[in-house]
Each structure stands twice: as structure tokens, then as C-alpha cells.
Protein chains: 2
Amino acid sequence: MAKKQISDVRRFNRTFSQRIGALQESYQKLGLPLGEARLVYEVGTTGIDVRDLRNRLGLDSGYMSRLLRKLEERKLLATHASAADARVRRIELTAKGKRLFADIDRAGDTVAAGLLAPLRPADRQRLIEAMADVERLTRAAAVRIGPEKASSPAALWCLNEYFAEIAARFDAGFNPAKGLPAPIAEMTPPRGVFLVARLDGRPVGCGALIVETGFIGHIRRMWIASEVRGLGLGRRMLDALEEQAAELQLRTLRLETNRNLAEARALYQDAGYREVPRFSDEPYAHHWFEKALRRRPAP
Amino acid sequence: MAKKQISDVRRFNRTFSQRIGALQESYQKLGLPLGEARLVYEVGTTGIDVRDLRNRLGLDSGYMSRLLRKLEERKLLATHASAADARVRRIELTAKGKRLFADIDRAGDTVAAGLLAPLRPADRQRLIEAMADVERLTRAAAVRIGPEKASSPAALWCLNEYFAEIAARFDAGFNPAKGLPAPIAEMTPPRGVFLVARLDGRPVGCGALIVETGFIGHIRRMWIASEVRGLGLGRRMLDALEEQAAELQLRTLRLETNRNLAEARALYQDAGYREVPRFSDEPYAHHWFEKALRRRPAP
DNA sequence: GCCATTCTCTGACTTTAGTCAGATAATATT
DNA sequence: AATATTATCTGACTAAAGTCAGAGAATGGC
């Protein structure tokens with residue numbers, strides 16, 4: 001990577017850190033500390049479960065609890081047990097809290113308008129487009145891939161999206177009952193792994209590795225959400241699956257794909273998979289691939 | 001301003017706040033709090049005067065002093081009186097401090113490289129260009145214009161740049177001794193004002209208003225640094241000068257300009273100045289302008 | 001039905017990041 | 001030479017933003 005590129009990116013990060021610092025100061029005039037304002041803003045007009053809020057803001061549960069008590073005392077929000085699960089508490093803003101939310105929201109608008117105000121209309125449009133580009137292109141770096149339970153809500157959501165997509169793209173649609181099955185148990189250690197790609201916590205892709213007899217692994221259910229496609233995530237998912245395979249001491253990886261998924265085929269070929277004769281009964285597949293893994297160096 | 005534009009900008013600010021939050025966490029692994037790391041980083045390998053550091057970081061002098069003592073105890077930096085002015089203390093990093101600086105620097109590189117790493121070369125280039133666009137276009141919003149002493153270093157620096165530029169652009173060069181003078185005393189209240197435009201503290205433009213006999217003001221020394229040109233700052237400087245004129249109860253503003261400064265002429269015309277017959281002996285001028293100010297509404 | 005896990009809460013602390021009011025010494029201004 | 005200003009430091013506070021251990025209730029998985 002060119003040094004010039006790195007320093008360009010660093011300059012951007014630096015100036016934006018400053019700008020965002022200035023932005024945050026603008027929230028301070030609302031009469032409560034940043035952390036509390038952020039919390040009120042995240043609760044929003046619709047309310048939220050404490051658990052979700054804690055995950056989103058990444059706060060310690062004790063700290064969170066105390067913040068909530070403080071805001072409750074100020075009559076900005078109210079908590080009550082969730083209907084679905086009596087352990088989790090649901091937060092809703094009071095009328096006063098909603099007014100504060102509106103103030104915070106307005107302050108955000110003002111900051112944004114302040115960036116646009118000095119510009120001519122054409123430059124405003126350019127700024128917005130450039131921001132969209134930066135956002136899209138930096139998304140890839142914010143994606144984290146890791147193993148999760150194949151039965152987790154995120155995993156099931158990904159699989160659902162995956163099925164919906166291939167149903168739309170395969171010539172004859174897709175019926176999970178007819179395709180080669182991939183039971184959750186087989187995508188669970190030690191018989192396999194299920195990887196989920198997340199962007200800011202939200203699932204945006206998945207891939208499964210199923211250990212077959214001997215030293216052979218089977219890659220299944222690889223999917224990347226369209227919002228993050230074209231950023232090299234397919235390759236990263238494949239690399240992550242190979243990493244898992246290496247840890248499981250596998251020697252060969254196999255996978256199959258449908259003729260309509262041209263970008264997937266290109267990815268597999270580019271990643272060193274070579275086409276082999278049919279090895280599975282997957283009725284929706286037209287191409288079968290295989291790759292010999294390099295033996296792991298002893299640790 | 002379109003609502004859609006504002007919400008687009010807000011989304012960008014939001015995602016980048018998150019990214020930058022993550023970035024800052026990466027510095028935390030260096031074993032000292034963010035504020036102290038930032039300080040060490042700003043001191044840099046060349047050293048800095050405490051005064052400048054305080055301005056740059058915007059810290060209270062007491063707090064700053066305590067931070068320095070803490071870092072001195074840890075043998076990360078050393079202070080000594082400045083040679084030029086025994087009141088100011090100069091900070092230099094010790095060998096240990098320089099090692100820490102290198103670590104911080106490397107962490108910054110790692111973050112930047114992490115943004116670039118997942119991208120293909122063409123996308124890397126696009127990201128960098130988009131970042132440069134965003135930076136350039138948001139610069140205007142970060143510029144602050146305010147009155148400063150015409151004898152201040154920033155003012156003198158601006159005037160120097162201004163002279164250098166017109167010397168290069170006027171047909172016959174520019175000799176300050178031959179031009180209409182603008183003594184510092186006349187650009188100082190109550191006889192006049194000197195405005196400086198600053199971007200993140202750095203001067204990037206200036207403009208002077210000199211009160212002539214009666215209710216007439218004379219605009220002189222208007223200059224905008226090339227790095228921020230094309231962002232509407234000339235107009236803002238002119239507006240700010242008119243604001244000052246209104247506060248001084250002036251009724252008419254005058255100015256003159258050289259034929260080679262086409263963009264300046266366009267600005268004046270656009271701002272409502274109309275060309276009038278020569279009213280001054282400025283030998284470098286070819287055009288004279290005037291504008292009647294609207295009377296200020298009573299406060 | 002039992003046991004592990006999840007979710008929230010409380011108590012007891014800590015660190016970070018300041019603010020504010022002087023005191024002191026050096027320099028600038030008049 | 002007298003006075004004002006500037007730069008730094010010290011003492012005495014404060015608010016914000018956590019951390020960590022453990023308790024208690026509810027739920028999920030077997």
C-alpha cells in the first residue's frame with residue numbers, strides 16, 4: 001500500500017476527528033452530558049430494550065443501569081418489563097424525553113445544515129456524493145467476520161435472505177426441501193462452523209463449513225448482502241472459512257454453485273478453486289469446485 | 001436546503017463518529033489515556049512551546065500543566081524555558097517519549113491501512129479522492145472569521161501572502177511603497193477593523209475596513225488563501241466586513257481593485273457593488289466600486 | 001424439573017478530564 | 001520606571017464516564 005495513500009487517509013481521519021469533536025460540543029448546550037444525550041437519542045421515539053441499547057452503545061451494565069436511573073429521576077424516560085421476556089426492561093421516552101429527543105435531532109440537523117450552508121448548490125451535491133462514496137468504501141473495513149451459532153437469530157436471518165435471493169436468481173426458483181440439506185447440527189462445532197459477517201453489529205453475510213468424512217470440508221450457504229457487495233467481502237468470507245478449515249486440520253475444501261451466480265464462480269476461481277466433476281447430489285448446482293489446502297505450519 | 005441532503009450528511013457524520021470512536025480506542029492500547037497520547041503526539045519529534053500546544057488542543061492552562069508534570073514523571077518528555085522568552089516553556093520528547101510517539105504514529109498508520117486493505121487498487125484510489133473532496137468541501141464550514149489586531153502575527157502573515165500574490169498577478173508587479181498605504185493604526189479600532197479568517201486556527205484570509213471621513217468605509221487588503229478558494233469565503237469575508245461597517249454606523253462602502261483580479265471583480269458585482277469613477281489615488285487599481293449600506297434596524 | 005445462562009441492579013471504587021481562583025515571574029507598553 | 005499583560009504553575013474542587021464483584025429474578029436447554 002502506498003505511503004501517500006496512507007497519509008492521505010490519515011489526514012482525513014484527523015480533520016474529521018476534529019470536526020466531529022466540534023459537532024459533539026454542539027450537543028452539550030442541551031443541558032445534559034454527552035453520554036446521556038446519546039442514550040436518549042438512541043432510545044428514540046419508539047423505545048428500545050435495555051439489552052439492545054447496551055449492545056449498541058457498548059456500555060457496562062452497571063453503568064447503564066445508573067444512567068437510566070438518573071434519566072428516570074429527571075422524568076426523561078420510563079422503564080417497564082418487556083412483555084416477551086420479564087428479565088429485559090424496555091425503555092420509552094416520556095413526553096419530556098421526546099421533547100429533548102427533538103432538540104437533539106434538531107441540533108444534528110443544524111450541524112449538517114452548517115456544513116452545507118456555505119456551499120453553492122452544485123458543490124452541495126458533490127459533497128453529498130463524495131460522502132456517500134467514502135461511506136460505501138469504508139464499509140468494508142468495518143465488517144467483522146466471526147463464528148456464531150447456526151441457530152442464532154442473525155444466522156437464521158442470513159439464511160433466509162440467502163434463500164430468498166437464490167430463489168429469485170435460479171432459473172427454476174429454489175425449494176429448500178429439494179436442495180441438498182445443511183442441518184444446523186452439521187454447521188455447529190465440532191462438525192462444522194457457521195460464520196457471520198457483521199457491519200456495525202448488523203448481519204450482512206454468512207458462510208458455513210461442514211466437515212465431511214476424512215479430511216474434506218464442504219463450503220455451503222455463502223451469502224453477502226447486496227448493500228456490501230463489490231467490496232471484496234466474498235473473498236474475506238472465503239478466506240475466513242479456509243482459516244477455520246485449517247484449524248480443523250482439513251486438507252481439501254469443496255463447494256458447488258449454480259450457473260446463474262457468475263460472480264461466485266469468478267470468486268472461487270480467483271481464490272484457487274478448480275472445477276471438478278460433480279461430487280454431490282445438489283440438484284441446483286451446475287459447477288463443482290475443489291481446493292487443496294496448504295498444510296498449516298506447526299504452531 | 002433539501003431535507004434529503006441534510007439527512008445524507010447526518011448519516012455520514014453518524015457513521016464516521018462511530019468509525020472515529022473505534023479509531024480512538026485503538027490508541028488506548030498504548031498504555032496511556034487518550035488526552036495524554038494526543039499531547040505526546042502533538043509535541044512530536046521536534047518539540048513545541050507549551051503555549052502553542054495549549055492553543056492547539058484548547059486546554060486549560062492548569063490542566064495542561066498537570067498533564068505535563070505527569071508525563072515528565074513518566075520520563076516521556078522534558079521541559080525547559082524557551083530561549084526567546086523565559087516565560088514560555090518548551091517541551092521536547094525524551095528518547096522514551098519518541099518511542100511512544102512512533103508507536104502512536106504506527107497505530108495511526110495501521111488504522112488507515114485497515115481502511116484501505118480490503119479494497120482493490122482502483123477502489124483505494126476512489127476512496128482517497130472522495131475523502132479529498134469531502135475534506136475540501138467541508139473546509140468552508142470550519143472557517144471562522146473574526147476581528148484581530150492588525151499588528152498580530154496572523155494578520156502580518158496574511159498581508160505578506162497578499163502582497164506576494166498581487167506582486168505575481170499585477171502586470172507590473174507590486175511595490176507596497178508605491179501603492180496607497182493602509183497603516184496598521186488605521187486598521188485598528190476605532191479607526192477601522194482587521195478581520196482574519198481562520199481554518200482550524202490557521203489564518204487563511206483577511207480583509208480590512210478603514211473608516212474614512214464622514215460615513216464612508218474603505219475596504220482594503222482582502223485576500224483568501226488559494227487552499228480555500230472557490231468555497232464562497234470571499235463572499236463571507238465581504239459580508240463580515242459589511243457587518244462591521246454597519247456596527248460602526250457607516251452608510252457607504254468603497255473599494256478598488258486591479259484588472260487582473262477578475263474573480264474579485266465578479267464577487268464585488270455579485271455582492272451589489274457598482275462601479276464608480278476613480279475616487280482614490282491607488283496606482284495599481286483599474287476599477288473602483290461603491291455600495292450603499294442598508295441602515296441597521298434599531299436594536 | 002434442574003442447572004446454566006441471561007438480564008438487570010446495587011455497592012464500592014477509579015480514572016479521566018476537566019474548571020476556577022489566585023500566585024509568581026518575565027515581558028510589553030506607555 | 002511604572003503599569004499592564006502574558007505564560008505558567010499550584011491548590012482545591014467537580015463532573016463525567018467508567019470498572020468490577022456479586023446478588024436476584026427470569027428463562028432456555030436438556
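Each chain gets a letter, A, B and so on, in the order its sequence line appears, and its residues count up from 1. Computation of the quantities below employed the complete heavy-atom set of this structure, encompassing side-chain atoms and omitting hydrogens, waters and symmetry-equivalent molecules.
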Peer 1: Are any of the side-chain nitrogens in B/E36 or B/R74 under 4.0 Å away from the carboxylate oxygens of its partner?
Peer 2: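 B/R74 and B/E36: salt-bridged.
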Peer 1: Kindly say if A/R54 contacts the phosphate of C/dT8, meaning a side-chain N or O under 4.0 Å from OP1 or OP2.
Peer 2: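 Yes.
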Peer 1: Before you tell me yes or no, could you show the steps for B/D109 and B/R106 under salt bridge (Lys or Arg N to Asp or Glu O under 4.0 Å), namely the whole-Å CA-CA distance, both residues' side-chain angles and the distance that decides it to 0.1 Å?
Peer 2: CA-CA 5 Å; B/D109 272 0; B/R106 214 170 302 120; over 6 Å; no
Peer 1: With no hydrogens and no angle check, do the side chains of B/R90 and B/S82 hold a donor and an acceptor under 3.5 Å apart?
Peer 2: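 Absent: no donor and acceptor within the cut-off.
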Peer 1: Closest nucleotide of DNA chain D for A/M64 versus for A/A86: which of these residues is on the 5' side?
Peer 2: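 The 5'-side residue here is A/M64.
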Peer 1: In whole angstrom, give the distance that lies between atom OH of B/Y63 and atom C1' of D/dG11.
Peer 2: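 Value for this atom pair: 17 Å.
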Peer 1: Is it true that B/R198 and B/E148 make a salt bridge, defined as a side-chain N closer than 4.0 Å to a carboxylate O?
Peer 2: yes
Peer 1: Any donor-acceptor pair, under 3.5 Å, between the side chain of A/R87 and the base of C/dT6, if you only look at N and O atoms?
Peer 2: yes
Peer 1: Report yes or no: is there a donor-acceptor pair, N or O only, under 3.5 Å between the side chain of B/R66 and the base of D/dG11?
Peer 2: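 Yes, a donor-acceptor pair under 3.5 Å.
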Peer 1: Are more than 12 heavy atoms, taken from residues, nucleotides or ligands other than A/K96, located less than 6.0 Å from that residue's NZ atom?
Peer 2: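 More than 12 heavy atoms, drawn from other residues, nucleotides or ligands, come within 6.0 Å of this atom.
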Peer 1: Between A/R14 and B/E135, does any NZ, NE, NH1 or NH2 come within less than 4.0 Å of an OD or OE carboxylate oxygen?
Peer 2: no
Peer 1: Bend angle of the helix from C/dG1-D/dC30 to C/dT30-D/dA1 from five-pair axes at both ends, rounded to 10°?
Peer 2: 40°
